[in-house]
Amino acid sequence: MRKHVIAIDGPAASGKSTTARQVAQRLGFVHVNSGLFYRAITWASLRDGWFDDIDRLRQGVARLDIAPIVQAGVLDVQVRGVRPQSALQGRDVSARVAAVSATDFVRKRVLLLLRSSAEKADVVCDGRDIGSVVFPDAQLKVFLVADVRERARRRLLDYHVEPALAAIEEEAERLRARDDADRTRALAPLVKAADAVEIDTTPLASDAVIRRILELAAERGMRAPEG
Ligand code: CDP
């Protein structure tokens, strides 16, 4: 039987990953955070010092041992046998990931990893190009948006930083820069697919967003397992 795919796209810190994880949990699907793969490649390139030279980046990516592993319904990424986990969310990785993920060889490598993950399980996959490029036939496509200052405030809370006004402005600037890079790149830019449902999460609590997506999923025949 054809596997189910729910695609959740949107700009940086729009709540895609937290939402996708909870929706997956409720439906018994696997959560696939595509950003983790781009972050893992960026992390490895920073560690090995091959990030700022396109030829060395290409060679490094071709040789990189990177694999998805599923644990408790969530897909994590393993690089050379280790799981970098929280190291992938650091500011150094965040500052460079948009440049690394704009290259054709990085996108091709991640696309194959994502598609193979969805051959084995029903998935909720979040990212920038999931509904437009990776899974254009997804049964449900959602595009999450939120005001940039609200996104900055939420991201600071994730980092356990006091969301004071100046800090929010600074973080908002970082998010804007990454969104601009993601929106304007030639390959698989951040874009809302024509058949995606847009949800503005600025005024919404996380629970309300999850409920809305579960309703949309149910309308398309995807329901939580009984009991
Ligand atoms: O969680 P956050 O929104 O900050 O970012 P992420 O989902 O971890 O993605 C990090 C970066 O990876 C993005 O800014 C994009 O440059 C890239 N990315 C991409 O190009 N395509 C995707 N499907 C997912 C992420």
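Since the model is a prediction, treat every value here as computed from it, not as a measurement. Just so you know, ligand 1 is whichever comes first in the structure, and atom 1 is the first atom listed for that ligand.
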- Message: I'd like the contact residues of ligand 1, where contact means a heavy atom below 4.0 Å.
- Response: A12, A13, K16, S34, G35, Y38, R39, V97, A98, S101, R107, G127, R128, D129, I130, R155, R178, D182, R185

- Item | Sequence-distant partners of D65, side-chain contact (heavy atoms from CB on, under 4.5 Å), two or more places apart | R80

- side chain to side chain donor-acceptor pair (under 3.5 Å) assessment of R39 paired with S94: CA-CA 8 Å; R39 286 176 178 274; S94 296; 3.1 Å; yes

- Task: First locate atom CD of Q139, then atom CG of L216, and finally report the distance between them rounded to the nearest 0.5 Å.
- Result: 13.5 Å

Scan the side chains in residues 67-76 for donor-acceptor partners under 3.5 Å anywhere in the protein, sequence neighbours excluded, and list what turns up.
unit_1: Q71; atom_1: OE1; unit_2: R83; atom_2: NH1; d: 3.0
unit_1: Q71; atom_1: OE1; unit_2: R83; atom_2: NH2; d: 3.2
unit_1: D76; atom_1: OD2; unit_2: R83; atom_2: NE; d: 2.7
unit_1: D76; atom_1: OD2; unit_2: R83; atom_2: NH2; d: 3.0
unit_1: D76; atom_1: OD2; unit_2: Q85; atom_2: NE2; d: 3.4

When the side chains of residues 154-166 are checked against the rest of the protein, which donor-acceptor pairs come out under 3.5 Å, sequence neighbours left out?
unit_1: R154; atom_1: NE; unit_2: E150; atom_2: OE2; d: 2.9
unit_1: R154; atom_1: NH1; unit_2: T201; atom_2: OG1; d: 3.0
unit_1: R154; atom_1: NH2; unit_2: T201; atom_2: O; d: 2.8

- Item | Ion pair D195/K141, N-O distance below 4.0 Å | yes

